Amino acid sequence: MYEKLIHHIVADCKELFNADVQPIVSRPDEQFGDYACNVAMQLAKELGQNPREIAAALREKLQVVDGVKHVEIAGPGFINIFVEDEVLVGDASNISPYQHHEGKEVLVEFGNFNPLKTVHLGHLYQTVVYSAIARLFERSGATVHTISYHGDVGMHIAKAIWAIGEEVGWKPQDLKALEDGEESDVSMRNMKTIFGSYYAKGNEAYDADSSAAESIREVNRHIYDRDNQAVNDIHALCVKRSMQYFDTIYDELGVSFEKHYMESETAPIGTEVVKKNIGNVFEESDGAIIYKGEKDDLHTRVFLNSEGLPTYEAKDLGLIELKRRDYPGADKSVIITGNEQQQYFKVMLAALKHIHPEEAAKTEHMTHGLLSLTTGKMSSRTGNVFGAQSLMDATRAAVSKAFVDSEVQRDIYLAALKYTFLKSRIGGDIVFDVQESVSLEGNSGPYIQYAYARARSILRKKAASEDEITGLEADERSLVRKISEYEEVLEKATKERLPHHICTYLYELAQKFNAFYEKNRVLEHEREAQRLGIVHFYAEVLKDGLETLGIPAPEKM
RNA sequence: GCCCGAGUAGCUCAGUGGAUAGAGCGUCUGGCUUCGGACCAGAAAGUCGGGGGUUCGAAUCCCUCCUCGGGUACCA
């Protein structure tokens with residue numbers, strides 16, 4: 001109905017006033033109607049007419065639209081539209097009407113876990129956000145290619161490799177301890193601790209000892225040039241182990257990737273691209289190759305440093321070349337990073353515009369905020385920060401304590417974890433309380449899962465029939481009206497790339513149903529058939545919404 | 001300094017040009033042998049950072065100031 005109304009209003013404004021409008025049709029407070037439009041007030045100034053008169057003219061037109069019951073004009077000129085019950089029931093029963101990205105090929109990429117580094121909360125958050133965005137595109141009909149990008153080169157890697165190399169005397173065959181570890185979850189975590197301590201060791205030496213710093217820089221060059229067997233072997237082993245460890249986290253989260261790209265692959269290609277464009281895009285300055293962003297109202301950034309090594313900027317250009325090679329048919333390329341890279345990306349994309357303008361045009365960079373904890377003292381004395389693994393463990397523990405006998409603890413755990421991250425708007429920083437994130441009450445993932453399980457429980461007792469739902473009572477109508485909003489919510493979430501709209505809606509819907517259910521019987525009631533039908537629609541929306549967010553919807557809890 | 005972003009109830013957040021600014025947590029009051037109480041009903045709690053402006057209408061747009069975060073050439 002929503003799209004139909006917009007269509008009618010556009011046509012009517014054209015016909016009546018010869019005006020081109022982009023009307024906003026909203027779902028007002030229930031007392032004002034099922035849909036509301038403010039186009040009359042927008043047009044009032046343009047036409048020099050009284051908004052209520054404009055509204056009155058539109059009202060005549062809208063009143064005869066099929067499915068519209070009546071139209072009221074309120075306040076300064078709101079057009080409030082009341083529709084027939086069947087319209088709401090129809091919309092409530094149709095949960096996948098919009099396919100905005102049908103036939104489109106979309107790449108969704110994020111730069112995430114870096115080999116040899118610990119996985120912290122921000123990485124976990126980013127992973128959950130990323131997979132929800134990818135699902136939104138999928139849900140709206142796109143073919144989505146999921147891509148991850150990992151920093152396996154750079155000073156942080158060089159520091160760790162140097163420390164390992166020093167310890168084993170640069171004989172990688174002595175790395176038995178690393179190679180032979182069992183690949184169980186626990187041993188993978190140990191591996192991360194081991195890598196972390198090597199990194200710390202290398203970092204310390206780099207700051208304290210200038211000769212160590214020089215040899216670390218040398219290791220760094222070897223990593224780029226791949227010209228030292230010992231460095232290559234240690235590097236390969238460390239990356240392999242790290243990626244195995246990351247896979248355990250991805251598996252746990254139910255996230256998967258079509259392709260992983262590594263900076264070691266993108267670096268040489270990016271370097272090539274930059275070198276090829278010196279003179280027309282890039283220029284030399286103080287021994288480095290830079291892009292002057294000032295001509296685009298941005299700032300200058302280094303693409304190749306004075307040692308000739310590519311910075312992240314050049315590597316990113318290399319990654320774009322790889323994506324062009326691997327996905328020539330992509331219509332859109334979405335990249336998700338933290339806010340701090342916002343201005344950096346503008347410069348990189350400005351440079352890209354000179355190299356591949358069409359690629360720059362289809363690239364969309366979206367950013368998310370920082371994650372922090374309310375209780376700042378989550379790091380223990382030993383220096384272990386409260387990382388991704390700690391949060392996952394804490395959440396899992398809370399779930400197994402609260403749902404001792406449940407067969408779906410994993411599903412509930414995923415709901416608690418993911419919903420915590422997804423319920424806030426993407427973009428701003430998020431401060432959260434571990435206790436609250438682990439909470440299973442109120443506005444939480446498990447609350448919505450529970451709502452679904454309750455609905456399924458009713459439907460197990462008696463299945464919804466195919467009977468028509470007619471003669472809605474006030475409470476029923478109100479619930480159906482809410483269910484019918486789902487398609488609009490989905491559309492909004494997809495267009496704005498903001499999954500939290502779905503969370504907000506699902507929570508409101510579940511609350512509304514719970515309130516209805518509290519005072520109205522479903523089974524063994526004279527309107528049982530109709531009510532079972534409504535419960536069925538409600539359950540379908542909850543399930544679809546949860547799954548779009550990447551959260552499972554178990555039948556029983 | 002310059003360039004971004006943020007500031008809404010005690011805390012964490014929705015609301016981003018519309019009608020009395022909404023939730024969760026916390027506090028207080030009530031409701032469970034009941035279709036699943038992991039729930040529901042209700043109360044208290046707000047100068048929407050301050051000030052100015054645009055508009056029929058501003059938490060939302062513009063200007064300005066304050067506070068915090070980020071970026072600002074060889075980190076990502």
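Worth saying up front: this structure is predicted, and the values here are computed from it rather than measured. Chain letters run A, B, ... following the sequence lines, proteins first, then strands; residues in each count from 1.
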I would like to know whether A:Tyr517 and A:Val535 meet side-chain contact (heavy atoms from CB on, under 4.5 Å); could you show each step before the answer? CA-CA 10 Å; A:Tyr517 194 54; A:Val535 172; over 6 Å; no
Need one value for A:Ala451: base, sugar-phosphate or nothing, where a base atom within 4.0 Å counts as base even if backbone is also close, heavy atoms only. nothing
Rounded to whole angstrom, note down the P distance from B:A73 over to B:C61. 30 Å
B:C13 C1' sits how many Å from A:Leu370 CG, rounded? 17 Å
OH of A:Tyr344 versus P of B:G70: gap in Å, rounded? 20 Å
Report which part of the nucleic acid A:Tyr450 touches: base, sugar-phosphate, or nothing (heavy-atom distance under 4.0 Å, all strands). base
Roughly how far apart, to the nearest Å, are B:U8 and B:U16 at atom C1'? 12 Å
Taking CD from A:Glu518 and C1' from B:C40, how many angstroms apart are they, rounded to a whole number? 4 Å
Across the strands shown, which category fits A:Ala453 at heavy-atom distances under 4.0 angstrom: base, sugar-phosphate, nothing? base
Can you tell me how far C1' in B:C28 sits from the matching atom in B:A44, rounded to whole Å? 7 Å
Just checking A:Pro446: base, sugar-phosphate only, or nothing, at a heavy-atom cut-off of under 4.0 Å? nothing
Check: A:Asn80 side chain, A:Gly33 main-chain N or O, donor-acceptor pair, under 3.5 Å: no
Side-chain donor/acceptor of A:Arg497 to backbone N/O of A:Thr494, under 3.5 Å: yes
Base-pairing assignment for B:G37 (Watson-Crick or G-U wobble, both under 3.5 Å): none
Interatomic distance, A:Gln343 CD vs B:A73 P [rounded to whole Å]: 11 Å
Please give, in whole Å, the distance from B:U34 P to A:Glu524 CD? 15 Å
Indicate, with a heavy-atom threshold strictly under 4.0 Å, whether A:Glu263 touches base, sugar-phosphate, or nothing. sugar-phosphate
For A:Lys519, which contact category applies under a 4.0 Å heavy-atom criterion: base, sugar-phosphate, or nothing? nothing
Tell me whether A:Arg59 contacts the main-chain N or O of A:Val71 through its side chain, where contact means a donor paired with an acceptor under 3.5 Å. yes
Can you measure A:Glu340 atom CD to B:C3 atom C1' for me and round it to whole angstrom units? 16 Å
Please measure how far the C1' atom in B:U54 lies from the corresponding atom in B:C62, and state the result in whole Å. 7 Å
Give A:Asn305 one of three labels, base, sugar-phosphate or nothing, depending on what nucleic acid heavy atoms sit under 4.0 Å from its own. base
Nucleotide forming a Watson-Crick or wobble pair with B:U16, both distances under 3.5 Å: none
Closest to the side chain of A:His500, out of B:C74, B:A14, B:A19, is B:A14
Does the ring centre of A:Tyr312 sit less than 6.0 Å away from the ring centre of A:Tyr344? yes
Quick one: does A:Tyr206's side chain have a donor or acceptor within less than 3.5 Å of a partner on A:Glu214's backbone? no
How far does the P atom of B:A41 sit from the matching atom of B:G37, given to the nearest Å? 14 Å
Please give, in whole Å, the distance from B:C11 P to A:Ile430 CD1? 18 Å
Please determine, for B:A9, whether a Watson-Crick or G-U wobble partner exists with both distances under 3.5 Å, and give it or none. none
Can you tell which of B:A73, B:A76, B:A19 lies closest to the side chain of A:Tyr312? B:A76
Starting at atom NE2 of A:His365, determine the distance to atom P of B:G71, rounded to an integer number of angstrom. 14 Å
Base, sugar-phosphate alone, or nothing: which one does A:Val522 contact when heavy atoms must sit under 4.0 Å apart? base
Closest approach to the side chain of A:Ala74, judged atom by atom: which nucleotide of B:C75, B:A19, B:C39 is it? B:A19
Would A:Leu506 and A:Leu549 count as a side-chain contact (heavy atoms from CB on, under 4.5 Å) here? Give the steps. CA-CA 11 Å; A:Leu506 290 179; A:Leu549 295 169; 4.1 Å; yes
How would you label the contact of A:Met557 with the nucleic acid (heavy atoms, under 4.0 Å): base, sugar-phosphate, or nothing? base
What interatomic distance, in whole Å, is found between P of B:C2 and the corresponding atom of B:C65? 9 Å
Given the P atoms of B:A6 and B:C63, what is the spacing between them in whole Å? 14 Å
Paired with B:G46 by Watson-Crick or G-U wobble geometry, both distances under 3.5 Å: which nucleotide is it? none
Which whole number of Å gives the distance between the C1' atom of B:G71 and that of B:A76? 13 Å
Picking from B:C74, B:C40, B:C35, which would you name as closest to the side chain of A:Asn514? B:C40
Would you indicate what A:Ala288 reaches in the nucleic acid, counting non-hydrogen atoms under 4.0 angstrom: base, sugar-phosphate, or nothing? base
Applying the Watson-Crick and G-U wobble criteria at under 3.5 Å, what pairs with B:G57? Answer none if nothing qualifies. none
Please pick, from B:C40, B:G15, B:U72, the nucleotide with the shortest atom-to-atom distance to any side-chain atom of A:His299. B:U72
Which nucleotide in B:G36, B:G24, B:C74 has an atom nearest any side-chain atom of A:Arg454: B:G36
Counting any heavy atom closer than 4.0 Å, what does A:Gln342 reach on the DNA or RNA strands: base, sugar-phosphate only, or nothing? sugar-phosphate
Ignoring hydrogens and angles, tell me if any N or O in the side chain of A:Gln449 forms a donor-acceptor pair with the backbone of A:Asp411 under 3.5 Å. yes
